[in-house]
Protein chains: 2
Amino acid sequence: MSVMKEKITIGLVEDQLLFRNGIHAILSGWEDLEVIYESGDGYSVIESLEKAEQIPDVMLVDLSLPSNGDKPYSGEQLTIDLAEYFPTVKVLILSAHQDEKFIARLIEIGAHGYLVKDSDPVEVYQAITTVYEKGAYINQMTLMAIQRNIGKRTQSILQPTSDLTSRELEVLGLVCQQYTAEEIGEKLFISVKTVNGHRANLLLKTGSRNVAGLVMYAIRNELVKF
Amino acid sequence: MSVMKEKITIGLVEDQLLFRNGIHAILSGWEDLEVIYESGDGYSVIESLEKAEQIPDVMLVDLSLPSNGDKPYSGEQLTIDLAEYFPTVKVLILSAHQDEKFIARLIEIGAHGYLVKDSDPVEVYQAITTVYEKGAYINQMTLMAIQRNIGKRTQSILQPTSDLTSRELEVLGLVCQQYTAEEIGEKLFISVKTVNGHRANLLLKTGSRNVAGLVMYAIRNELVKF
DNA sequence: TCTCAAACGGGTATAAATAACCATTGAATA
DNA sequence: TATTCAATGGTTATTTATACCCGTTTGAGA
């Protein structure tokens, strides 16, 4: 620890390369910030941080990380894992959404701040320095979200997809593509009965009433492209 | 027109402020580029460009612009309008999606190039210079999308929502919330038959086969929150 | 070895959605 | 005024989806 002012070290976890580079470029405009870690997905973050020489002071984490193949690893999950493995790291969530449930949930599981993606760069800077110095950055929006959701059981935005088997995911994808159970059976070379079996499990596991719910679930959890 | 090398002027249309600033910062790294116009939505672009002293050479347009209130103005619509009012302006689409239908459609209606948001900044630079010099930037992905969709009737990603009446939108919203036709009838104080009538019209207008299609349509067009 | 869950197949119902048609009202508009 | 169209309500059938029940096989793990 030298006497001179140290830079706040930043980690970026954001799938869109262009956006990530953009933030990087923006943050580089401040001399007291330094991006020392970047990742395009959440899978390897914990592992690579454990090997890293230096752990970032603040992690900017995109809430909607992509599902890489079958096992999605969301910003939510990463927040949980960071809180467990690197409790000293401050986590700032970046999200396109401004949903109160999202916000309250993320704060609850260990995020130290929540920023929407159309924030002003200056606010991002303030959030970073504040979260570094004070341990938390709670702006007006976040505070209200927390207040209004105190006592409410916040539920995971991304329910653990591990609940869904690979076959179920496959069926879910085809359901979203407007295929009927019979067509899905043909495509997967299984009986309609089996397809309906999977579908029934999907309804149960996702807590849906019908296909509409399944599609919404799939999209919320980014299991299908749209 | 002076003899010295002129800068390529850029316009940015992107709703997420942070992303927009990020691109701006990235592009500022090249001396031969200059961002001279920015907008967070598509509504006022044509109007404000008509008043502007200088028209950008290249416009970077986010495909998924937000629907401001009731009348959405998509990147697709902006592309069409730019082609009409400013035919000399080169339009580069920025999109989070890599869907071939999207790409083919955008090129068809006048876009000069298509970039996904996790492109490398260098590619963005190349796209800008190429589209400026050659009039088009077609990369591997775009080319394949075009080739595979030649002859196919490309359909608008965001069909004009005006196609849907307010009542139909109401029904669509409730369908997405997993209500059955009967429940929707109760909620809206109309007969199940009428609800089914609306639903049939919705299927027809959106070109869907079933509810799954309706939900996907609603989400694609940002008619429902998710 | 035993157990459990996943994937598979089937039967029998009912509920719901979808596909055809048809007709009336009222509001907007050419 | 005549026309159009959204919104309403209807009939009749068929197709799908959903909800119960029943089972077997297989592989992973305790």
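Lettering follows sequence order; numbering is per chain, from 1. None of these values were measured; they are calculated from a predicted model. Hydrogens, waters and symmetry mates play no part in the numbers below; they use all other heavy atoms, side chains included.
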Touch class at under 4.0 angstrom, heavy-atom based, for B:A181 against every strand present: sugar-phosphate
Sugar-phosphate only, base, or nothing, as touched by A:N201 at under 4.0 Å among non-hydrogen atoms: nothing
Trace of the side chain to side chain donor-acceptor pair (under 3.5 Å) decision for B:Y37 with B:T9: CA-CA 8 Å; B:Y37 177 84; B:T9 54; over 6 Å; no
Atom-pair distance (CD on A:E170; P on C:dA6), nearest Å: 16 Å
Which nucleotide in D:dA7, D:dT18, D:dT8 has an atom nearest any side-chain atom of A:L203: D:dT18
Nearest listed nucleotide, side chain of B:H198, among C:dA16, D:dT8, D:dT11: D:dT8
Among D:dT12, D:dT8, C:dG9, the nucleotide that comes nearest once only the side chain of B:K193 is considered: D:dT12
Of B:T194 and A:E182, the one whose closest DNA chain D nucleotide lies more 5': B:T194
Minimum heavy-atom distance between A:V171 and A:I184, given as atom pair plus value: O-CD1, 4.2 Å
Protein-nucleotide distance (A:L202, atom CG; C:dA6, atom P), rounded to Å: 12 Å
A:S166 vs C:dA7: side-chain N/O to OP1/OP2 distance below 4.0 Å: yes
Within 6.0 angstrom of B:E47 CD, more than 12 heavy atoms from elsewhere: no
Nearest-neighbour nucleotide for the B:S191 side chain, C:dA7, D:dG10, C:dT18 considered: D:dG10
Per B:N196 side chain, nearest of listed nucleotides C:dT18, D:dA7, D:dT18: C:dT18
Integer-rounded Å distance: D:dT26 C1' and A:I190 CD1: 16 Å
Heavy-atom pair of closest approach, residues B:G11 and B:P56: N-CB, 3.5 Å
Ionic contact status for A:K187 with A:E170, cut-off 4.0 Å: no
N or O in side chain of B:R199 less than 4.0 angstrom from C:dA19 OP1/OP2: no
Sugar-phosphate, base or nothing in reach of B:V211, heavy atoms under 4.0 Å: sugar-phosphate
